[in-house]
A.B. asks: 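What follows is a structure written as structure tokens; I'll ask about it next.
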Amino acid sequence: MRLDKLLAHSGLGTRKEVKKLLKKKIVEVNDEIIVDPKTHVDPETDTVTVGGESIDYQEFVYFMLNKPQGVISATEDHVHETVLNLLEPQDSLQEPHPVGRLDIDTEGLLVLTNDGKLTHRLLSPKHHVDKKYFAEVEGLVTEEDVKIFKEGITLTDDHESFETMPAELIILETDEASGTSRVEVIIQEGKFHQVKRMMEAVGKTVIFLKRLSMGELKLDPQLELGAYRPLTDEEIDLLRNS
């Protein structure tokens with residue numbers, strides 16, 4: 001990769017600021033001073049130092065975000081705040097993206113990474129990666145609803161019609177006094193408003209939705225709404241093995 005890109009992605013400033021560093025003749029590659037920003041380096045084998053300090057380049061970044069309501073799962077938007085707006089500037093340098101989408105009014109686990117292969121693996125239905133949600137529902141969820149979810153549901157609207165993969169619906173609590181239910185839903189897809197639409201198909205309305213896990217990766221209960229942290233090596237392995 002180009003030297004200026006490596007330095008910029010390592011938090012040493014913009015491409016323009018990195019070029020100024022190079023002109024100061026304080027950047028060395030394998031003990032040789034380099035001033036050309038176009039110089040190609042191999043982060044795996046070349047030793048890069050700035051002012052005598054080694055640069056430990058990390059190709060991929062992985063973050064766990066507890067997404068709050070009111071924020072959209074996109075890299076940019078001209079109207080709403082995006083999940084990337086919640087990151088510190090240095091954590092945006094390598095251009096992470098959200099793995100899948102959570103609706104603007106949905107909370108919970110969202111992975112951000114620049115690892116495109118992992119993103120594809122986690123989102124591809126053929127890999128059958130479970131995504132678990134907690135939902136508060138208007139209406140009393142029944143065992144018949146559980147059966148319907150397990151068989152798959154045909155969802156139709158103005159844009160599309162498709163048969164969902166079998167999903168697991170777990171009844172946690174039903175409250176006849178308030179006419180509401182608390183459930184968990186496990187799906188392996190991520191169609192537009194899928195959990196909400198599946199609930200609507202059995203005559204219920206989702207009033208609160210939160211993603212709890214993706215594959216074996218669970219939302220850190222200590223992570224406050226709107227907060228994020230890097231994934232541990234163990235958590236990254238959990239995603240790769242999902």
A.B. asks: State whether a side-chain donor-acceptor pair under 3.5 Å links Glu163 with Thr154.
C.D. replies: yes
A.B. asks: Taking the side chain as every heavy atom from C-beta outward, state whether Glu168 and Lys150 have any atom pair closer than 4.5 Å.
C.D. replies: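 SC-SC contact between Glu168 and Lys150 ruled out.
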A.B. asks: I'd like to know if Asp220 and Arg229 make a salt bridge, using a cut-off of under 4.0 Å between side-chain N and carboxylate O.
C.D. replies: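 Counted as a salt bridge, because a side-chain N and a carboxylate O are separated by less than 4.0 Å.
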A.B. asks: I'd like to know if the side chain of Ser124 reaches the main chain of His120, judged simply by a donor and an acceptor atom lying under 3.5 Å from each other, with no hydrogens or angles considered.
C.D. replies: no
A.B. asks: Between the side chain of Asp103 and the main-chain N/O of Thr106, is any donor-acceptor distance below 3.5 Å?
C.D. replies: no
A.B. asks: Any salt bridge linking Lys38 with Asp36? Criterion: basic side-chain nitrogen under 4.0 Å from a carboxylate oxygen.
C.D. replies: no
A.B. asks: Walk me through whether Val183 and Met199 qualify under side chain to side chain contact (heavy atoms under 4.5 Å, CB included).
C.D. replies: CA-CA 11 Å; Val183 301; Met199 279 296 174; 3.7 Å; yes
A.B. asks: Are Phe149 and Ile186 close enough, and set up right, to give a side chain to side chain contact (heavy atoms under 4.5 Å, CB included), and what steps lead you there?
C.D. replies: CA-CA 10 Å; Phe149 268 59; Ile186 301 174; over 6 Å; no
A.B. asks: Strictly below 4.0 Å, N to O, side chains only: are Lys196 and Asp105 in salt-bridge contact?
C.D. replies: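 Looking at Asp105 together with Lys196, the answer is yes, because their closest N to O distance falls below 4.0 Å.
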A.B. asks: Got a second to check how far Thr113's OG1 is from Ile236's CD1, nearest 0.5 Å?
C.D. replies: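 With rounding to 0.5 Å, OG1 (Thr113) is 8.0 Å from CD1 (Ile236).
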A.B. asks: If hydrophobic clusters are built from ILVMFWY residues whose side chains come within less than 4.5 Å, do Val202 and Val137 share one?
C.D. replies: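 Result: yes, single cluster for both.
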A.B. asks: May I ask you to decide if Glu17's main-chain N or O and Thr14's side chain share a donor-acceptor pair within less than 3.5 Å?
C.D. replies: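 Indeed, once roles are kept as given, a pair shorter than 3.5 Å links the two residues.
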A.B. asks: Is there a donor-acceptor pair closer than 3.5 Å between any side-chain N or O of Ser242 and the backbone N or O of Leu238?
C.D. replies: yes
A.B. asks: Is the number of heavy atoms from other residues, nucleotides or ligands under 6.0 Å of Asp175 CG greater than 12?
C.D. replies: yes
A.B. asks: Around atom CD of Glu216, are there more than 12 heavy atoms of other residues, nucleotides or ligands at under 6.0 Å?
C.D. replies: no
A.B. asks: Does Asp46 reach the main-chain N or O of Pro43 with its side chain, forming a donor-acceptor pair under 3.5 Å?
C.D. replies: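 Judged by distance alone, no pair lies under 3.5 Å.
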A.B. asks: Do His97 and Asn114 get their side chains close enough for a donor-acceptor pair, meaning under 3.5 Å?
C.D. replies: no
A.B. asks: Determine whether a donor-acceptor pair (N or O, by modelled atom type, separation under 3.5 Å) exists between the side chain of Glu235 and the backbone of Thr232.
C.D. replies: yes
A.B. asks: Lys117 side chain to Asp115 main-chain N or O, any donor-acceptor pair under 3.5 Å?
C.D. replies: no
A.B. asks: Show your reasoning for whether side chain to side chain contact (heavy atoms under 4.5 Å, CB included) applies to Ile187 and Thr164.
C.D. replies: CA-CA 9 Å; Ile187 60 175; Thr164 70; over 6 Å; no
A.B. asks: Do you reckon Leu217 sits in the same ILVMFWY cluster as Leu102, going by side-chain contacts under 4.5 Å, direct or chained?
C.D. replies: no
A.B. asks: Can you list every pair that meets ring pair (Phe, Tyr, Trp, His ring centres under 6.0 Å) and has a residue in residues 18-71, with sequence neighbours left out?
C.D. replies: Phe63-Tyr228
A.B. asks: What is the minimum heavy-atom distance between Pro98 and Ala74, and which atoms define it?
C.D. replies: CG-N, 4.0 Å
A.B. asks: Look only at the side chain of Glu200 and the backbone of Arg197, and say whether a donor-acceptor pair between them is shorter than 3.5 Å.
C.D. replies: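 Side chain of Glu200 to backbone of Arg197, a donor-acceptor pair under 3.5 Å: no, none is there.
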A.B. asks: Measuring from Thr156:OG1 to Ile153:CD1, what's the distance to the nearest 0.5 Å?
C.D. replies: 11.5 Å
A.B. asks: Are any of the side-chain heavy atoms of Leu6 and Asp4 separated by less than 4.5 Å?
C.D. replies: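 Not in contact.
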A.B. asks: Does CD belonging to Glu32 count more than 12 external heavy atoms closer than 6.0 Å?
C.D. replies: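 No.
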A.B. asks: To the closest 0.5 Å, what do you measure between CG (Asp42) and CG (Asn30)?
C.D. replies: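 Rounded to the nearest 0.5 Å, the CG-CG separation comes to 10.0 Å.
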A.B. asks: Any side-chain heavy-atom pair from Val35 and Lys25 closer than 4.5 angstrom?
C.D. replies: yes
A.B. asks: Looking at Ser92 and Leu87, what are the two nearest heavy atoms and their distance?
C.D. replies: OG-CB, 3.6 Å
A.B. asks: Looking only at side chains, do Gln188 and His128 share a donor and an acceptor under 3.5 Å apart?
C.D. replies: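 Present: a donor and an acceptor within the cut-off.
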A.B. asks: Are Phe162 and Phe192 joined in one hydrophobic group, where the rule is that I, L, V, M, F, W and Y side chains link up if heavy atoms are under 4.5 Å apart?
C.D. replies: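 In one cluster with Phe162: Phe192, no.
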A.B. asks: Measuring from Lys218:NZ to Lys132:NZ, what's the distance to the nearest 0.5 Å?
C.D. replies: 6.5 Å
A.B. asks: Would you compute the distance between atom CG of Asp77 and atom CG of Asn85 and round it to the nearest 0.5 angstrom?
C.D. replies: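 Here the interatomic distance stands at 9.0 Å.
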A.B. asks: How close do Leu212 and Leu109 get, heavy atom to heavy atom, and via which atoms?
C.D. replies: O-CD2, 4.2 Å
A.B. asks: Side chains of Leu22 and Leu3: closer than 4.5 Å at any heavy-atom pair?
C.D. replies: yes
A.B. asks: Please tell me whether Leu155 and Leu169 are part of a single hydrophobic cluster in this structure, the criterion being side-chain heavy atoms less than 4.5 Å apart.
C.D. replies: yes
A.B. asks: Name the one of Lys210, Gln69, Arg211 that satisfies side chain to side chain donor-acceptor pair (under 3.5 Å) with Glu107?
C.D. replies: Gln69
A.B. asks: Once salt bridge (Lys or Arg N to Asp or Glu O under 4.0 Å) is applied, do any residues pair with Lys204, and if so which ones, sequence neighbours excluded?
C.D. replies: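 By the salt bridge (Lys or Arg N to Asp or Glu O under 4.0 Å) rule, Lys204 matches Asp145.
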A.B. asks: Between the main-chain N or O of Gly139 and the side-chain N or O of Ser181, is there a donor-acceptor pair closer than 3.5 Å?
C.D. replies: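 Present.
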A.B. asks: Step by step, would you call Val50 with Ile55 a side chain to side chain contact (heavy atoms under 4.5 Å, CB included)?
C.D. replies: CA-CA 7 Å; Val50 177; Ile55 300 300; 4.0 Å; yes
A.B. asks: Taking the side chain as every heavy atom from C-beta outward, state whether Thr82 and Thr75 have any atom pair closer than 4.5 Å.
C.D. replies: no
A.B. asks: Looking at every heavy atom in both Ala135 and Leu209, which two are closest together, and how far apart are they?
C.D. replies: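 Where Ala135 meets Leu209 most closely, the heavy atoms are CB-CD1, 3.7 Å.
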A.B. asks: With rounding to the nearest 0.5 Å, note down the distance linking CD in Gln222 to CG in Leu219.
C.D. replies: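 Answer rounded to 0.5 Å: 10.5 Å.
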A.B. asks: In the structure I gave you, are the side-chain heavy atoms of Val29 and Thr47 within less than 4.5 Å of one another anywhere?
C.D. replies: no
A.B. asks: For the side chain of Glu189 and the backbone of Met165, is there at least one donor-acceptor N/O pair under 3.5 Å apart?
C.D. replies: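 Yes: the side chain of Glu189 pairs with the backbone of Met165.
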A.B. asks: Counting C-beta onward and ignoring hydrogens, is there a side-chain heavy-atom pair between Met214 and Leu122 closer than 4.5 Å?
C.D. replies: yes
A.B. asks: Taking a hydrophobic cluster as the set of Ile, Leu, Val, Met, Phe, Trp and Tyr residues connected by side-chain heavy atoms closer than 4.5 Å, whether directly or through intermediates, do Val195 and Ile104 fall within one such cluster?
C.D. replies: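 Val195 does not cluster with Ile104.
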A.B. asks: Tell me, which pairs form a salt bridge (Lys or Arg N to Asp or Glu O under 4.0 Å) where one or both residues lie in residues 135-144, sequence neighbours left out?
C.D. replies: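 Those involving residues 135-144 are Glu136-Arg182.
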A.B. asks: Are Leu65 and Leu86 close enough that some pair of their side-chain heavy atoms sits under 4.5 Å apart?
C.D. replies: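 Answer yes - side chains close enough.
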